[in-house]
There are 2 protein chains.
Amino acid sequence: MVNGLIRSGDNADLTKERRAATFNVNELSEFIHGGKEVLARRKEILQFVESKPEFKQEIPIEFLSREQRYEQQAKNAVAMTEYATDVIDGSDFFGEGMYYQQLIMGRDLHALSLHYVMFLPTIQNQTTEEQLDKWLGLVITRGISGTYAQTELGHGTNLSQLETTATYDPKTEEFVIHSPTVSAAKWWPGALGKSSTHAIVMAQLITGGQGYGPHPFIVQLRDLENHKPLKGITVGDIGPKLGINGSDNGFLLFNNYRIPRENMLMRHAKVTKEGKYIHPKHQKLGYGSMVFVRSIMIRDQSLQLAAASTIATRYSAVRRQGEPVPGKGEVQILDYRTQQLRIIPQISKTLAFLFAASEVRDLYLKVTEQLSDGNVELLPELHSLSSGLKSVVSWEVAQGIEQCRLACGGHGYSQASGFPEIYAYAVGGCTYEGENIVMLLQVARQLLKSVTKFKSSTAKLAEIDGYLGNPAVSQTSFHGLNGLIPQVLINDFEEVARKQIFGVWDRFESLKKSLSESEAFNKVSIDLCRASRWHVKAYLVKNFFSYISRFQGSARIKEILLDLASLYALDQISAGLSHFLRDGYYSQGQADQVKLSIETLLERLRPEAVAIVDSFDFSDRELHSVLGRRDGNVYENLLKWAQQSQLNRADVLDAYHKYLGPMMKEGRAKL
Amino acid sequence: MVNGLIRSGDNADLTKERRAATFNVNELSEFIHGGKEVLARRKEILQFVESKPEFKQEIPIEFLSREQRYEQQAKNAVAMTEYATDVIDGSDFFGEGMYYQQLIMGRDLHALSLHYVMFLPTIQNQTTEEQLDKWLGLVITRGISGTYAQTELGHGTNLSQLETTATYDPKTEEFVIHSPTVSAAKWWPGALGKSSTHAIVMAQLITGGQGYGPHPFIVQLRDLENHKPLKGITVGDIGPKLGINGSDNGFLLFNNYRIPRENMLMRHAKVTKEGKYIHPKHQKLGYGSMVFVRSIMIRDQSLQLAAASTIATRYSAVRRQGEPVPGKGEVQILDYRTQQLRIIPQISKTLAFLFAASEVRDLYLKVTEQLSDGNVELLPELHSLSSGLKSVVSWEVAQGIEQCRLACGGHGYSQASGFPEIYAYAVGGCTYEGENIVMLLQVARQLLKSVTKFKSSTAKLAEIDGYLGNPAVSQTSFHGLNGLIPQVLINDFEEVARKQIFGVWDRFESLKKSLSESEAFNKVSIDLCRASRWHVKAYLVKNFFSYISRFQGSARIKEILLDLASLYALDQISAGLSHFLRDGYYSQGQADQVKLSIETLLERLRPEAVAIVDSFDFSDRELHSVLGRRDGNVYENLLKWAQQSQLNRADVLDAYHKYLGPMMKEGRAKL
C-alpha cells in the first residue's frame with residue numbers, strides 16, 4: 001500500500017518493498033504509538049526541534065572528540081530544557097518527554113541528565129518544608145545544577161557498606177563529609193564530573209560517636225561564581241566508557257569537607273542541633289526513583305531494538321549480494337532465510353517489549369496515584385515486574401542489536417550504521433539501575449515467597465504470579481500454525497515457568513535441610529535466575545497476545561500482529577527448547593513443528609518487513625544511521641559521511657611527515 | 001602454590017588466591033604456550049619492547065583522539081618493523097610475530113598492517129620475474145607502502161560483481177582504471193585511507209571490448225615526494241568504526257586513471273601489448289591468503305577471550321560485594337555461583353580455542369609445505385576447518401567477552417577495564433575474512449558432499465568428517481562426572497552433529513524434488529548453519545581432550561585440564577540441550593546430571609581460577625586493563641587512570657563559560 005514514505009529519488013528496491021506491503025503503515029503506526037493524536041504530536045515535536053537553529057547538527061556527533069561532544073551536549077541540554085515547556089506536555093514524560101529528549105540528545109546523556117531525573121525528585125521528596133523553600137526554586141530555575149552521588153568506587157548495590165562518612169560536629173553545627181579511602185570515592189554519577197554545582201550525597205551518618213547508616217545530604221561542590229571545585233572537594237570525569245561519552249560521569253572525594261547541619265535532608269530522619277539522632281517515623285519506601293527509572297528503561301530499551309531492526313531491515317532490502325542462480329543477478333539479502341532469521345525475530349521482540357513497556361507505564365501511573373493515597377498494595381508487583389523486565393529486555397535488546405549489526409556485514413561495523421552507538425547505549429542497561437543478575441535473583445526471591453504462600457495457604461497470588469496456581473499439564477496442545485490459538489502458547493510458557501519455579505523451590509527447601517539459607521540460595525542461584533527469566537518470558541508472551549487482542553482495525557494488520565506474536569513466542573521456545581521437551585511436554589514431532597512454523601512465519605512476514613519497521617515511525621534525525629535512511633540511498637551517503645572523517649581534514653597527515661615519509665625515503669635510498 | 005606472580009604490596013585477596021592454588025602456574029603456562037623455551041622467548045620479547053623508548057606509552061591510547069591515535073600507531077608501526085629482525089624469529093609469525101605485534105600495537109591495526117600481510121605476499125605470488133625485480137625491493141625496504149583493495153562499497157564476497165574496471169588501451173599500452181559508480185568505490189582496505197602509496201587493486205579486466213573477470217593490478221595512489229593523491233585518484237579514510245580506530249581503513253575512487261600495461265600482475269593471466277588476453281595455464285588456487293589469515297585469526301581471537309577471562313577472574317577475586325550472612329562482611333564476588341557460571345566457562349573456552357588454533361597452525365604449515373610440492377590434498381580440509389572454526393570461535397569469543405565484561409558490573413563499562421576495546425576488536429572477526437554465516441554455509445556444502453560421498457560409495461572421508469561414517473547410537477553413556485571418560489562426551493557431540501548433518505541432507509534432497517537447488521538450499525539454510533556449528537563443536541571437544549591427553553606433567557594439572565575440558569563440553573551440551581534430548585538420546589535424568597555436573601565443576605575450579613588465568617601469561621602491558629592488573633590494586637589505579645581523562649585537562653570547561661554558567665546565572669537572577 002503506497003504511503004507517505006515513498007518519494008521520488010528513493011532507492012528502487014525500497015520503494016518496491018513499500019509498494020508491495022499489504023497494509024496501511026499509518027494504521028499500524030497509530031496502534032504501536034497509541035493513537036492518531038500521539039502520532040500527530042510526534043510530528044509537531046519533530047518539526048519544532050528541526051526548526052530551532054540550536055539543534056542543527058553541523059558535524060555528526062561521531063566525528064567529535066570527547067571534549068567537543070560534551071560541549072555540544074551541554075549546549076543542547078540548556079536549549080532543550082529552556083524550550084521544553086513550549087513544546088511538550090510535561091505530564092507525559094514517558095511519551096513526549098522521552099521522545100523530545102531522544103530527538104535532541106540522541107543516545108547519550110548530558111550535563112543536566114541527573115538534574116531532572118534524580119536531583120529534583122530527591123529535593124521534592126526528602127526535604128523538610130524549610131529545606132524545600134530554600135532549594136526548590138534554585139533547582140527549578142536551573143540556578144544550580146545537581147546530581148545524585150551514591151555508588152562508590154568500591155561499592156555498588158550494597159548500600160550499607162558505603163564508606164563516605166558524614167560526622168556531626170555539634171560545636172559548629174556542621175557535618176564533616178569525608179572519604180576515608182580511595183574506594184570511598186563517589187563514582188559514576190552522571191553530570192558529576194564537570195557540570196554539577198551540587199550533589200545529593202549518600203553518606204554514613206555518624207553522631208555522638210554512633211553510626212546510623214546511609215543518609216542523604218545536599219552538598220555544594222563548585223563555586224557559583226567561577227565553577228571551580230571548592231576546597232576539600234576533588235571532582236572530575238571518570239574517563240571514556242563503552243558509550244555515552246558526551247556525558248561527564250564523575251568521581252568525587254571529600255577531605256573533611258564541612259556542610260551546615262541543615263544540609264542533611266530531614267524529611268524522614270533528623271539530627272538535632274545537639275547531635276541527637278531522630279529516627280524516621282516510618283520505614284522509608286526505598287523503591288521510588290529506581291522503579292521510575294526502570295519503568296522508563298523498558299520503553300527506552302525497546303526503542304533501541306526498534307531502531308536496530310529498522311536499520312537492518314531497510315539495508316537488507318537495499319543491499320544486493322550473491323547470485324543463487326548464476327546470471328540471474330544479485331538478490332536482496334533480505335531474501336536469504338538466514339538473514340530473515342537474524343532480523344525478523346528482532347522486529348517481533350521490539351513489539352513484545354514495547355507493549356510490555358506500555359503496561360509497565362500504566363502500572364507505574366496507577367501505583368503513583370495509589371501511593372499519593374498512602375496505598376502501597378501494588379508497589380511490590382511493580383517492583384518485581386519492572387526489575388524482571390529490565391533484566392530480560394535489556395539483555396535481549398543488546399543481543400538483538402548485535403544480530404542486526406552483524407546482519408549488515410562490514411558496513412554494520414562502521415559508525416555510519418549507527419549500530420556501535422545503539423549497542424553501547426543499550427547494553428549499559430544490563431548493568432545500571434540494578435545489575436541484571438542481581439535483579440533476577442530479587443525477582444526469584446519474590447517467586448519463592450509466592451510458592452510458599454501458595455503451598456501453605458489459600459492466600460491470593462498477585463496477578464502476575466497467578467499462573468503458579470495452575471494445575472500441571474502433561475502435554476502441550478501445540479501442533480503447528482494451522483488453527484493455532486494464542487492461549488496454547490501462553491499455556492506453554494506458563495507451564496514451563498511454573499515447573500521451573502516449583503522445581504527450584506523444591507531444591508532450595510531440600511538444600512536448606514543441610515545448608516544455611518544463604519549457602520542454599522547461592523547453590524541454586526543459577527536455577528533461580530533461569531526461573532525468573534521464564535517467569536518474565538511468560539509475562540511477555542501473554543501480554544503480547546492480550547495487547548494485540550485490543551486492536552480493532554483492519555483484518556490484515558491483525559493477521560500480521562498475530563504472526564509477529566507467534567513468531568516471538570516460537571522463537572523463544574526454539575531458543576529454550578530443552579525446557580519444553582522436559583518430561584515429554586513437547587514431543588519431538590511438536591518440537592520439529594516449532595522450527596517449521598518459524599520458517600513459515602519468516603516467509604510470510606518477509607514481504608511486509610520494510611513496512612512494519614516503517615511503522616515504528618523513526619525520522620532520519622532520530623535513527624541517525626546512514627544504512628537505515630528512509631530513502632535507502634545508502635552508498636552515496638556513506639561516501640559523503642566518510643568524507644567528514646577526522647582523518648580527512650588534511651590530504652597528508654603529520655604521521656607522514658614525521659614517520660612514514662622518512663621511512664620510505666630511507667627505504668628507497670637503500671636500493 | 002606460591003609463584004613469581006606474588007609480590008609485596010599486592011591486593012591481599014589476590015595473593016590469597018594465588019597461595020591457595022594447588023598447582024604450579026609455570027608448568028601449566030608452559031603447556032599452554034608450547035614449552036619452556038617459548039615462555040622464555042616471550043619474556044625476552046617483552047623486555048625488548050619495554051626497553052625501547054619509542055614504545056613507551058605516555059598517554060594510554062584510549063585518551064587519544066583518532067588523529068593522535070593514528071599518528072601514534074604509525075610511529076609504532078615504523079619502529080616495530082624496523083626492529084623486528086633484531087628480536088623475533090621471522091619464521092614464527094604465528095607465535096613470536098603475533099606476540100611482538102600485539103605488545104606494540106595492542107588491539108588495533110596500523111599504517112603498515114596490510115603491507116606485510118597482503119601487499120607483500122601478493123607481490124611475491126602474482127608477479128612475473130620482471131615485475132618481481134621491479135617491486136620486491138621497494139616493498140621489502142619499505143620504500144613504498146601498500147595495501148590490497150578488493151571489497152567495494154556495494155560488493156563484498158561476490159567477487160564476480162566487482163564494478164571497478166581496468167580497460168586496456170592498446171594505443172598507449174595502458175590500462176584505464178575507473179569507478180563507474182559510487183558503489184564501485186573500494187571500501188575498507190586497512191591503511192588505504194592516509195598511509196599507503198600503492199595498492200593491489202582488483203578490477204574487471206576489459207580488453208578488445210570483452211570482459212575477463214576480476215584481475216589484480218598494482219596502482220600508485222600517492223605522490224612519492226609529497227604523498228598527495230595523484231590526479232584521477234580520490235582516496236580517504238572511511239571514518240570511525242566500532243573499533244580499530246587507529247587504523248585508516250580507506251575508500252578509493254578512480255576517474256579514468258591510467259597505469260602502464262606492466263602494472264597488471266601477470267604471473268597467471270596476461271594481456272599482450274596488442275591487447276590479447278592470455279588465459280592462465282592453471283586455474284589459480286584462490287584459497288591462499290584467506291586461509292592464512294583465518295588460521296592466524298583462531299589464535300588471535302582465542303587470546304582476546306583469554307584476556308577477557310583474565311580480567312574478569314582477577315577482578316572478581318578483588319571485588320567484594322554483598323553480605324550473604326549479615327554482619328559477616330562482604331564476600332568476593334567470585335564466590336557467587338552465578339558469577340562462576342559467567343566466567344569459568346570462558347576460561348575453558350579459551351583453552352578449547354587455543355588448542356584448536358595450535359592444530360590449525362600445524363595443519364597450515366603442513367599444507368604450505370605440501371603446496372610447495374604442488375600437492376593440494378589437504379587444502380580443502382584446511383579451508384573447511386579454518387572457515388568453520390573462524391565462525392564458531394569468533395562468535396563464541398565475542399559472546400564470552402561480553403559475559404566477562406558484564407560480570408564486572410559498572411567498571412566493566414569503563415574503558416579502564418579494557419573490555420570495550422577487546423570486544424570491538426574481537427567481534428570484528430565475525431565479519432571480516434568471510435562473514436560467519438557465509439562461512440558456515442560453505443562448510444555445510446562440504447558436509448553435504450561428504451554425506452553424498454559416504455552414501456554413494458565406500459570412498460574414504462576426510463579425517464575431520466570421519467565420524468559421519470559412525471553407526472547411529474540410541475543412548476548416551478553419560479551418567480555424570482563420576483568415572484566419566486572423555487570418549488563418552490566426544491561420542492555425544494559426534495552423534496549430535498552426525499544426526500543434524502544427515503537430517504539436513506535428507507531434507508535438502510527431498511526439497512530438491514520440487515524446488516530448484518538454490519531454492520532448496522535457501523530453505524534449509526538455517527539447518528545447514530546449525531549442522532556446521534555442531535560439526536565444529538564436535539571437533540573442538542574432540543581436539544580439547546586429545547590435546548590434553550598429551551600432557552605429561554603433574555597429575556594435579558592433568559586433573560584440572562580434564563575438568564576444564566569436561567566443563568567446556570558440558571556447558572556446550574547445556575546450551576544446546578534440546579539436540580541431545582532428541583529421540584531420547586539423553587534422558588531427562590541425564591540432562592539434569594549435565595546441569596549438576598556443571599555446578600560441581602564450577603565449585604572445583606573456583607579455587608584454581610586465578611592461578612589458571614595467571615598461566616595465560618599476560619603482562620600488564622599486553623592486557624592493558626586496570627581491572628585485570630597483576631597486583632589487583634584496582635581502585636587507586638582506576639582513580640589515577642580517570643585523572644588522565646580528556647575532560648580533566650581543565651578544572652572548568654568552555655561549556656561552563658558558554659552555556660551552563662549563563663544558564664545558572666540567569667536562573668538565580670529570577671529568584
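Numbers restart at 1 for each chain; the letters A, B, ... are given by sequence-line order, proteins then strands.
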> Examine whether an atom of A:I140 lies under 4.5 Å from a heavy atom of chain B, and if so say whether it belongs to the side chain, the backbone or both; otherwise answer neither.
neither
> Going through the distances and angles, do B:D527 and A:K595 end up as a salt bridge (charged side-chain N to carboxylate O under 4.0 Å, His left out)?
CA-CA 9 Å; B:D527 289 350; A:K595 194 187 70 175; 3.1 Å; yes
> Quick one: do B:K523 and A:E603 satisfy salt bridge (charged side-chain N to carboxylate O under 4.0 Å, His left out)? Show the steps, please.
CA-CA 10 Å; B:K523 249 194 182 349; A:E603 201 157 306; 3.1 Å; yes
> For each of A:S414, A:S574, A:A74, tally heavy-atom pairs with chain B at distances under 4.5 Å, and name the one with the top tally.
A:S414
> Where does A:H411 contact chain B at under 4.5 Å (heavy atoms): side chain, backbone, both or neither?
both
> With side-chain contact (heavy atoms from CB on, under 4.5 Å) as the test, pick out the partner of B:L647 among A:I238, A:N249, A:D248.
A:D248
> Taking every heavy-atom pair that is under 4.5 Å apart, which of A:D237, A:V182, A:T141, A:V78 has the most such pairs with chain B?
A:D237
> State whether the side chain of B:Y413 and the backbone N or O of A:A424 hold a donor-acceptor pair below 3.5 Å, judged by distance alone.
yes
> Based on non-hydrogen pairs under 4.5 Å, which of B:T431, B:N522, B:I244 is most in contact with chain A?
B:N522
> To the nearest 0.5 Å, how far apart are OH in B:Y659 and CG in A:L112?
13.5 Å
> Just so I understand: if I count every heavy-atom pair under 4.5 Å between each of B:Q644, B:R405, B:R649 and chain A, which residue has the most?
B:R405
> Show the numbers, then the answer: is there a side-chain contact (heavy atoms from CB on, under 4.5 Å) between A:R582 and B:D592?
CA-CA 10 Å; A:R582 175 171 277 269; B:D592 291 343; 2.4 Å; yes
> Do we see a donor-acceptor contact under 3.5 Å between the side chains of B:Q321 and A:Q161?
no
> Let me see the working for A:E435 and B:R342 under salt bridge (charged side-chain N to carboxylate O under 4.0 Å, His left out), right down to the final yes or no.
CA-CA 14 Å; A:E435 197 279 327; B:R342 280 182 146 176; 3.0 Å; yes
> For B:K670, I'd like to know if atom NZ has over 12 heavy atoms of other residues, nucleotides or ligands within 6.0 Å.
yes
> Between chain A and each of B:D583, B:N648, B:L577, count heavy-atom pairs under 4.5 Å; write down the option with the most.
B:N648
> If you count heavy-atom pairs under 4.5 Å between each of B:P324, B:G576, B:A575, B:A669 and chain A, which one has the most?
B:P324
> Taking B:G156, B:S65, B:G193 one by one, which has the highest count of heavy-atom pairs under 4.5 Å against chain A?
B:G156
> Below 4.5 Å, heavy-atom pairs only: which of A:H155, A:K228, A:R320, A:K665 has the largest tally toward chain B?
A:H155
> In terms of heavy-atom pairs under 4.5 Å, which option from B:E599, B:E636, B:H579 contacts chain A the most?
B:E599
> What option among A:A416, A:P229, A:A111, A:A77 has the most heavy-atom pairs under 4.5 Å with chain B?
A:P229
> So which of A:V652, A:D651, A:T338, A:L153 has the largest heavy-atom pair count under 4.5 angstrom toward chain B?
A:L153
> Against chain B, work out which of A:W188, A:Y70, A:Y432, A:Y336 has the most heavy-atom pairs shorter than 4.5 Å and name it.
A:W188
> Under a 3.5 Å threshold, yes or no: a donor from one side chain and an acceptor from the other, between B:N158 and A:E330?
yes
> Contact part of A:I526 toward chain B, heavy-atom cut-off under 4.5 Å: side chain, backbone, both or neither?
both
> List for me each residue that meets salt bridge (charged side-chain N to carboxylate O under 4.0 Å, His left out) alongside B:E62, sequence neighbours excluded, and say none if there are none.
none
> Can you check salt bridge (charged side-chain N to carboxylate O under 4.0 Å, His left out) on A:K194 and B:D654, steps first, answer last?
CA-CA 10 Å; A:K194 310 306 288 187; B:D654 284 350; over 6 Å; no
